[in-house]
Amino acid sequence: MNTYVTGGAIRQLREGRGMTQAELGAQIGVSSKTVSKWETAKGLPDITLLQPLAQALGVSVIELMNGQPIANRNVSANLLRGKFYVCPLCGNILQATGSALVSCCGVTLPPLEAEEADDDHALTIENVEDEHFLTVHHPMTKAHFISFAAFVTCDRVQLVKFYPEGDAQTRMQLRGRGSLYWYCNRHGLFRKKV
Ligand SMILES: [Fe+2]
């Protein structure tokens, strides 16, 4: 996240709403020239103008500061379209049913993009009674380890935390169609549809 609103963000949001500099200025009580100065980095809006500016641009102050409006089309909050966020500083794991502006330890976290596992992050599933035994074949040192595994269906999330020097193994009931996720602190998020 930017530490303060940027000219580029103001221009992008204003143009996205099809407003002229004069129209935006009129709504918040400044001239088009002032808006132009902000957008070309020749000045910054006073802090007392951030709220009215955000309102005129149809976003929250936090979106204005970030320069990116958040649009969730996932209104039914289908968990299958949810997002994982992991803090690189403290390892905090957050899960959302849609896009969000998430920050931890002062860092704005991007939604993690899952990829197919390579040979170094292979996961195996064995049937055990009515459950499944999952193993991620990966080192579990303090510096490089699998941090969690999760099974996500449209209405349920099972999340298991792993710890360095432990095993990246767990039992889970894989009921229904969904996606298995597992996360390596160095190599990111992996997914397998089941
Ligand atoms: Fe790894």
Side-chain angles (χ1 to χ4, degrees), residues 1-3 6 8-9 12 60 62-63 65-194:
M1 187 187 296
N2 298 307
T3 48
T6 65
Q12 196 187 343
S60 63
I62 201 155
E63 287 168 287
M65 303 281 277
N66 192 50
Q68 286 289 335
I70 298 167
N72 265 322
R73 288 192 206 97
N74 185 17
V75 285
S76 61
N78 182 337
L79 285 171
L80 284 173
R81 277 176 265 152
K83 310 278 179 200
F84 283 101
Y85 302 80
V86 175
C87 176
L89 300 183
C90 73
N92 197 1
I93 303 161
L94 300 114
Q95 214 246 344
T97 55
S99 297
L101 203 57
V102 173
S103 71
C104 186
C105 297
V107 178
T108 301
L109 309 178
L112 296 176
E113 188 91 34
E115 53 184 314
E116 225 172 89
D118 52 17
D119 290 345
D120 294 335
H121 298 87
L123 172 135
T124 54
I125 306 170
E126 286 170 68
N127 288 352
V128 183
E129 294 150 16
D130 62 339
E131 290 187 317
H132 298 84
F133 194 74
L134 274 55
T135 306
V136 185
H137 304 276
H138 188 277
M140 291 294 282
T141 66
K142 275 186 181 157
H144 186 192
F145 62 99
I146 300 299
S147 155
F148 71 90
F151 180 57
V152 180
T153 63
C154 65
D155 65 352
R156 206 163 293 210
V157 176
Q158 292 177 72
L159 191 140
V160 178
K161 183 80 185 85
F162 299 131
Y163 296 93
E165 293 164 11
D167 289 322
Q169 294 183 322
T170 185
R171 275 177 178 236
M172 271 194 199
Q173 283 193 328
L174 306 182
R175 277 204 208 129
R177 279 178 52 193
S179 288
L180 266 170
Y181 293 92
W182 59 106
Y183 181 79
C184 164
N185 71 319
R186 285 201 181 167
H187 298 109
L189 189 67
F190 300 97
R191 178 171 60 187
K192 182 190 179 86
K193 288 189 178 168
V194 291

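Atoms within a ligand are numbered from 1 in the order they appear, just like the ligands themselves. As a basis for the values below, the full set of heavy atoms in this structure was taken, side chains included, without hydrogen atoms, waters or symmetry mates. The chain is numbered in sequence order, starting from 1.
No cation-pi contact links K142 to F145, judged by a cut-off of 6.0 Å to the six-membered ring centre and 45° from its axis.
Looking only at distances, a side-chain donor or acceptor of N185 sits under 3.5 Å from a matching main-chain atom of A143. Using a distance-only test at 3.5 Å, with no hydrogens or angles considered, a donor-acceptor pair links the side chain of Y85 to the main chain of A100.
Angle subtended at the Fe ion (ligand 1) by H121 NE2 and H138 NE2: 90°, rounded to 10 degrees.
The N, O or S atom of H187 lying closest to the Fe ion (ligand 1) is ND1. Note on H144: its N/O/S atom closest to the Fe ion (ligand 1) is NE2.
The aromatic ring centres of Y183 and F84 sit 6.0 Å or more apart.
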